2 protein chains.
Amino acid sequence: MAAPLESTPARRAPLSRARVLHVAMAYADTHGIDALSMRSLAQELSVVPMALYKHVGGKEDLLDGMIEVVVGEIVHEPATGAWKRDARERILAARSTLQRHQWSRAVLESRPAMTPAMLDYLDALTGLFIDGGLSVDLTHHVMHALGNRMWGFSQELFAATPPSDTASFNAQRDALPRQHPHLAQIARAAAHAGPDGVLVLGCDDAFEFEFALDIVLDGAEKLHALNWTSG
Amino acid sequence: MAAPLESTPARRAPLSRARVLHVAMAYADTHGIDALSMRSLAQELSVVPMALYKHVGGKEDLLDGMIEVVVGEIVHEPATGAWKRDARERILAARSTLQRHQWSRAVLESRPAMTPAMLDYLDALTGLFIDGGLSVDLTHHVMHALGNRMWGFSQELFAATPPSDTASFNAQRDALPRQHPHLAQIARAAAHAGPDGVLVLGCDDAFEFEFALDIVLDGAEKLHALNWTSG
DNA sequence: ACTCTAGGTGTACTGTGTACACCTGTCAAT
DNA sequence: ATTGACAGGTGTACACAGTACACCTAGAGT
């Protein structure tokens with residue numbers, strides 16, 4: 001036998017986390033996220049359901065991985081220095097990417113999703129504002145205003161990391177300044193001493209909500225005064 | 001026997017749609033929305049799961065009913081005539097109501113949810129702007145800016161009612177001006193002729209997104225120029 | 001007294017995520 | 001060459017979900 005390695009003609013491509021994620025995304029793109037189950041995905045890969053668990057932690061991890069890929073797909077145009085235009089462009093790029101995967105919005109909204117790609121995106125966007133000259137304080141609240149229910153990410157940015165794993169929490173916090181310097185700046189600014197003296201990273205949800213609300217209402221008032229029209 | 005009606009001492013209170021909904025809400029409040037299943041709810045009511053289906057169409061209908069109750073709980077302070085203050089107050093009232101039921105945000109975001117109470121709320125809010133003198137056009141886009149990912153309702157306001165039930169669709173559309181005059185105004189303004197000449201009610205999703213985005217970015221720019229600070 | 005019916009019951013089916021034990025082919029070290 | 005570890009695919013099985021369908025039963029209207 002010359003080629004024992006290829007003796008079975010229709011040899012399956014080997015599984016891998018990347019392949020699982022991409023096939024899952026394609027499947028969700030065409031059949032909808034509700035149709036995506038471990039079983040349907042396994043069938044799509046001509047594999048038994050449990051095989052997936054060797055490459056993915058479970059359904060949650062699968063979904064996390066999928067949005068991680070989507071967020072990673074967002075194209076970052078190089079900054080031109082005009083912060084407002086740059087931010088606008090980047091956010092619209094993000095939107096068009098999410099738009100290509102209809103399911104991503106619902107999935108994103110259903111989980112905290114502070115994945116590495118997400119942090120990269122947030123840090124880059126934050127950097128545009130800070131480097132553009134906005135104060136860290138203002139940047140902080142603008143990020144909330146943009147994110148609050150617009151992407152579904154913001155309100156739990158630094159919230160409620162369960163203290164179950166203090167070690168890795170500390171590790172992550174210490175790595176933040178290096179990897180995501182702009183987010184770290186915000187975190188420092190938003191930190192305040194809790195009742196027991198421990199430093200607590202927390203954002204005042206109600207404040208952020210009203211901040212965003214007032215921006216929209218003030219904008220409406222201004223446009224009204226200008227007799228603005230969409231035509 | 002004097003009181004045959006109460007012969008069995010621990011007689012269950014009879015089921016009803018309202019009771020089912022309220023117990024479901026209480027259960028979701030304390031145990032979380034994920035713990036709410038037809039079975040757990042039935043047990044809470046000391047009843048067999050299938051009994052619920054006599055009062056509720058199914059799980060989807062249950063969830064719809066729950067948010068309907070929540071939205072109905074929003075208190076409407078009487079309008080003072082100052083549209084901006086009134087709108088602000090009403091939106092914060094809505095927020096605090098949703099806040100009392102943590103699950104409501106996720107449930108709301110997971111469905112179109114154009115229920116009667118929702119329409120009432122939207123129409124009332126819209127009315128504040130229009131009666132305050134804002135143009136219907138501006139009001140339309142402001143509603144989108146407020147709603148876009150802030151409540152999760154807006155982008156499908158008039159979209160994609162499946163043409164399966166044309167009769168009831170027409171009926172609903174014809175009833176709109178009476179029941180929700182302000183929404184009807186917006187609908188009329190946003191209507192445009194489709195490719196086949198039929199009137200299509202549709203909002204340009206991309207436009208609404210950029211509208212809201214620009215309001216926030218312009219607001220950020222203005223606050224930056226003013227050296228605004230949250231302290 | 002008789003039927004009708006609203007409303008609660010019981011059983012059963014399909015589909016979900018996933019734990020656990022099991023094979024099997026590949027490769028490194030003996 | 002033999003061994004054995006191990007990465008990766010398999011099979012079976014379980015608990016839980018939503019809900020279709022047939023059934024029972026108590027009370028109201030005739």
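Note that the coordinates shown come from a computational prediction; the quantities given were computed from them, not determined experimentally. Every chain is numbered from 1, with letters handed out A, B, ... down the list of sequences.
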A.B. asks: Whole angstrom is fine here: how far is it from CZ in A:Arg19 over to C1' in D:dG9?
C.D. replies: 13 Å
A.B. asks: Report the relative orientation of the aromatic rings in A:His101 and A:Trp103; use parallel for angles under 30°, tilted for 30 to 60°, perpendicular for over 60°.
C.D. replies: tilted
A.B. asks: Evaluate the salt bridge (Lys or Arg N to Asp or Glu O under 4.0 Å) criterion for residues A:Arg105 and B:Glu109: first the C-alpha distance (whole Å), next the side-chain angles of each, then the deciding distance (0.1 Å), finally the verdict.
C.D. replies: CA-CA 10 Å; A:Arg105 195 173 83 84; B:Glu109 277 167 356; over 6 Å; no
A.B. asks: Can you name the closest pair of heavy atoms from A:Met114 and A:Leu119 and give their distance?
C.D. replies: CE-CD2, 3.6 Å
A.B. asks: Check the distance between C:dT18's C1' and A:Glu60's CD and give it to me in whole angstrom.
C.D. replies: 13 Å
A.B. asks: Which atoms form the tightest heavy-atom contact between A:Gly72 and A:Ala117, and what is the distance?
C.D. replies: N-CB, 4.1 Å
A.B. asks: Could you tell me how far apart A:Leu52 (CG) and C:dT16 (C1') are, to the nearest whole angstrom?
C.D. replies: 14 Å
A.B. asks: Show me the protein contacts with nucleotides 20-25 of chain D, counting only N or O atoms at under 3.5 Å.
C.D. replies:
none

A.B. asks: Take atom NZ of B:Lys59 and atom P of C:dT16, then tell me their distance rounded to the nearest Å.
C.D. replies: 16 Å
A.B. asks: Using ring-ring contact (aromatic ring centres under 6.0 Å, His included), reason through A:Phe207 and A:His141 one step at a time and then give a plain yes or no.
C.D. replies: CA-CA 9 Å; A:Phe207 179 86; A:His141 301 300; 4.9 Å; yes
A.B. asks: Please report the distance, rounded to the nearest Å, between CG in A:Leu45 and P in D:dT10.
C.D. replies: 11 Å
A.B. asks: Quantify the bending of the helix from C:dA1-D:dT30 to C:dT30-D:dA1 as the angle between its end axes, each fitted on five pairs, to 10°.
C.D. replies: 10°
A.B. asks: For the pair made of CG in B:Leu41 and C1' in D:dC16, what is the distance, rounded to whole Å?
C.D. replies: 16 Å
A.B. asks: Might you point out which heavy atoms bring A:Val142 and A:Phe211 nearest each other, and give the distance in Å?
C.D. replies: N-CE2, 3.9 Å
A.B. asks: Need to verify one output field. Residue with the more 5' nearest nucleotide on DNA chain D, A:Ser16 or B:Ser37?
C.D. replies: A:Ser16
A.B. asks: Take the angle between the ring planes of B:His140 and B:His144 and call it parallel below 30°, perpendicular above 60°, tilted in between.
C.D. replies: tilted
A.B. asks: Any N or O donor-acceptor pair under 3.5 Å from the base of C:dG15 to the side chain of A:Arg39?
C.D. replies: no
A.B. asks: Is B:His55 close enough to C:dG8 that one of its side-chain N or O atoms is under 4.0 Å from OP1 or OP2 there?
C.D. replies: yes
A.B. asks: How many Å lie between CG on B:Asp34 and C1' on C:dT16, as a whole number?
C.D. replies: 14 Å
A.B. asks: D:dT10 C1' sits how many Å from A:Met38 CE, rounded?
C.D. replies: 16 Å
A.B. asks: Is the B:Tyr121 ring parallel, tilted or perpendicular to the B:His76 ring (thresholds 30°, 60°)?
C.D. replies: perpendicular
A.B. asks: Looking at B:Ala28 and B:Met66, what are the two nearest heavy atoms and their distance?
C.D. replies: CB-CE, 4.0 Å
